[in-house]
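Report on the following structure.
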Amino acid sequence: MVSFRKHLYFITGLITGCTSVMAQIEETLVHDNYTRHWITYLPKHYNKDRQYPLVISLHGGGGQASQLMKNTRHRFNKLADEEGFIVVYPNGLKKSWNDNNKRDTHGFARKENIDDVGFIEKMIAHLEASYPIHPKAIFACGISNGGLMSQTLAMALPHKIRAIGMVASNFGRDQIEMSKEVTPFSVLFIHGTADPIFPYAEGDIQVFNTTRGHVLGIEKSLAYMNARNGNDVNPVKTSIANTVLKDNCTSEHLKYLNPEHPNLKVELIKIHNGGHTWPGAKTKRVLSKLVGPTTQDFNACDKLWAFFKSTLD
């Protein structure tokens with residue numbers, strides 16, 4: 001039995017027709033005897049008679065939906081108003097996602113083998129029944145554990161997820177080894193070269209000197225996706241304007257083109273000296289010592305949405 005509940009806690013007008021307001025809605029459903037929560041943000045000028053892309057934004061391990069929304073300066077919500085899409089922020093159980101319980105069992109979701117893929121799939125079905133979601137424009141992104149969860153969703157739900165974005169994360173080895181038949185999908189990696197937790201090069205995730213599983217690193221993750229999708233191995237490189245000098249970071253955007261299937265994209269935003277952070281996010285001096293520098297030259301939300309949008313051209 002599935003039950004749904006909504007709590008509308010910010011709205012300045014009706015959402016049942018064409019309106020010039022936005023709405024932020026707390027929603028829940030029950031899956032495998034757990035009540036699961038997420039926040040749905042509807043854009044300004046929401047109109048039930050048009051279709052909207054859907055962006056699923058996933059927090060990292062130890063985080064939560066409201067925290068991700070705040071730390072990213074509500075940028076996805078602002079972009080939703082400007083560009084016309086719906087964004088949702090799900091919560092993992094006890095601040096964790098079961099991207100793959102073979103990599104480690106430190107997080108509650110992996111220790112208990114929580115069916116997070118089933119939850120997200122059910123959440124999408126609920127959203128499609130409640131709002132005019134474009135069925136071919138559903139995207140997932142996340143940071144760290146949320147990035148790995150995005151990878152898992154792309155591989156497990158190819159009929160739903162068109163493209164993903166992985167911030168401060170790259171492909172988990174166990175997901176690759178367990179996914180023998182993977183439908184091609186588009187992916188944008190946004191990763192700092194000085195990430196002290198989630199290694200840019202192949203290695204083990206390290207959280208407080210505890211190993212949290214093995215990852216392929218950026219180069220092998222790109223090689224896997226280029227081979228899977230048929231994209232060029234030599235990227236087109238462009239520099240990202242270094243507008244904030246004091247963050248001690250510079251960035252470049254690498255695009256691995258696919259002339260035969262131009263909407264099948266593989267891209268990397270490489271942040272030189274970047275840490276385990278969301279670009280453009282709010283920073284705290286104490287945390288910076290643990291996670292490394294945060295570039296303020298751009299907000300990852302802008303790059304992620306531009307990438308998702310480009311797969312629809």
Side-chain angles (χ1 to χ4, degrees), residues 9-13 15 18-27 38-48 50-60 63-90 123-124 127 131-143 146-147 150 153 161-168 186-190 238 240-241 243-244 251 253 255 263 265 267-269 271 277-283 294-313:
Y9 60 90
F10 175 72
I11 187 167
T12 58
I15 64 172
C18 185
T19 177
S20 60
V21 301
M22 70 291 287
Q24 192 168 296
I25 309 163
E26 289 183 351
E27 304 196 60
W38 73 91
I39 299 169
T40 299
Y41 184 86
L42 302 181
K44 287 182 179 178
H45 309 296
Y46 173 83
N47 187 337
K48 66 180 181 63
R50 62 162 286 189
Q51 288 188 315
Y52 291 89
L54 173 66
V55 174
I56 302 168
S57 184
L58 302 165
H59 63 74
Q64 55 187 350
S66 59
Q67 181 186 43
L68 177 63
M69 188 163 50
K70 179 180 179 181
N71 288 349
T72 56
R73 306 178 191 271
H74 298 85
R75 184 59 186 160
F76 266 142
N77 297 4
K78 296 173 185 176
L79 285 168
D81 291 339
E82 297 168 5
E83 298 282 329
F85 62 90
I86 294 171
V87 57
V88 296
Y89 304 86
M123 181 191 72
I124 292 172
L127 292 166
Y131 313 108
I133 303 295
H134 192 309
K136 299 299 183 181
I138 299 175
F139 309 102
C141 60
I143 181 170
S150 297
L153 292 173
I161 305 298
R162 184 181 186 91
I164 64 169
M166 301 180 67
V167 180
S186 294
V187 58
L188 168 63
F189 299 98
I190 302 177
T238 57
I240 295 174
T243 57
V244 182
S251 305
H253 196 156
K255 298 183 179 182
N263 287 349
K265 300 174 184 290
E267 300 184 12
L268 163 67
I269 295 179
I271 307 166
T277 60
W278 186 284
K282 295 180 178 180
T283 60
T294 301
T295 182
Q296 297 296 331
D297 293 331
F298 64 94
N299 190 308
C301 298
D302 292 271
K303 299 298 185 182
L304 288 163
W305 172 245
F307 173 75
F308 293 153
K309 188 178 179 180
S310 73
T311 69
L312 300 173
D313 294 340

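Every value quoted in this text rests on a predicted model; they were computed, and no experiment measured them.
Rounding to the nearest 0.5 Å places OH of Tyr131 at 7.5 Å from CD1 of Ile86. In this structure, CD1 in Ile124 is found 9.5 Å from CD1 in Ile133, a value given to the nearest 0.5 Å. Separating the CG atom in Leu188 from the OG atom in Ser150 is a distance of 11.0 Å, to the nearest 0.5 Å. Atoms NE2 and CG, on His74 and Leu79 in that order, are 13.0 Å from each other to the nearest 0.5 Å. One distance of note links NE2 of His253 with CD1 of Ile271; it measures 11.0 Å at 0.5 Å rounding. The distance from the CD1 atom of Ile25 to the OG1 atom of Thr40 is 6.0 Å, given to the nearest 0.5 Å.
Taking each heavy atom of Ile161 and Leu153 in turn, the nearest pair found is CG1-O, 3.9 Å. Considering every non-hydrogen atom in both Leu312 and Ala137, the closest pair reads CD2-CB, 3.9 Å. The two residues Pro90 and Leu58 come nearest to each other via the heavy atoms CG-CD2, 3.7 Å. Minimum interatomic distance between Ile190 and Ala300 (heavy atoms only, all atoms of both residues): CD1-CB, 4.0 Å. Pairing each heavy atom of Pro53 with each of Gly84, the nearest pair is CD-O, 3.5 Å.
Between Tyr52 and Tyr46, the ring planes lie parallel to each other; the angle is under 30°, not in the 30° to 60° tilted range. Below 30°, between 30° and 60°, or above 60°: for Phe85 and Trp305 the angle between ring planes is below 30°, a parallel geometry.
At a threshold of 4.5 Å between non-hydrogen side-chain atoms, the residues Ile56 and Trp38 do not count as touching. Looking at heavy atoms from C-beta onward, Gln24 lies in side-chain contact with Asn77 at the 4.5 angstrom threshold.
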Inset, instruction - Before giving the answer on side chain to side chain contact (heavy atoms under 4.5 Å, CB included), spell out for Val55 and Phe308 the whole-Å C-alpha distance, their side-chain angles and the decisive distance to 0.1 Å. - result: CA-CA 9 Å; Val55 174; Phe308 293 153; 4.2 Å; yes

Inset, instruction - Please test His59 against Ile143 for side chain to side chain contact (heavy atoms under 4.5 Å, CB included), starting from the C-alpha separation and ending with a verdict. - result: CA-CA 6 Å; His59 63 74; Ile143 181 170; 5.7 Å; no

Inset, instruction - Report the C-alpha distance between Lys303 and Ile240 in whole Å, list the side-chain angles of each, state the deciding distance to 0.1 Å, and finish with yes or no for side chain to side chain contact (heavy atoms under 4.5 Å, CB included). - result: CA-CA 11 Å; Lys303 299 298 185 182; Ile240 295 174; 4.2 Å; yes

Inset, instruction - For Leu304 and Phe76, run side chain to side chain contact (heavy atoms under 4.5 Å, CB included): C-alpha distance rounded to whole Å, both residues' side-chain angles, the deciding distance at 0.1 Å, then the answer. - result: CA-CA 9 Å; Leu304 288 163; Phe76 266 142; 4.0 Å; yes

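By the side chain to side chain contact (heavy atoms under 4.5 Å, CB included) test, Thr243 is found to be paired with Ala241, Asp297, residues two or more places apart in sequence or in another chain being considered. By the side chain to side chain donor-acceptor pair (under 3.5 Å) test, Thr294 pairs with Thr277, sequence neighbours left out. In this structure Ala65 satisfies the side chain to side chain contact (heavy atoms under 4.5 Å, CB included) test together with Ile39, Tyr89, Asn91, sequence neighbours excluded. Partners of Lys265 according to the side chain to side chain contact (heavy atoms under 4.5 Å, CB included) rule, which considers only residues two or more places apart in sequence or in another chain, are Ser186, Glu267, Phe307, Ser310, Thr311. Considering only residues two or more places apart in sequence or on other chains, Lys309 meets the side chain to side chain donor-acceptor pair (under 3.5 Å) condition with Glu83.
At least one donor-acceptor pair closer than 3.5 Å links the side chain of Gln296 to the backbone N or O of Ala281. Within the 3.5 Å criterion, the main-chain N or O of Pro43 finds no donor-acceptor partner in the side chain of Asp81.
The list of salt bridge (Lys or Arg N to Asp or Glu O under 4.0 Å) pairs with a residue in residues 64-76, not counting sequence neighbours, reads Arg75-Glu82, Arg75-Asp302.
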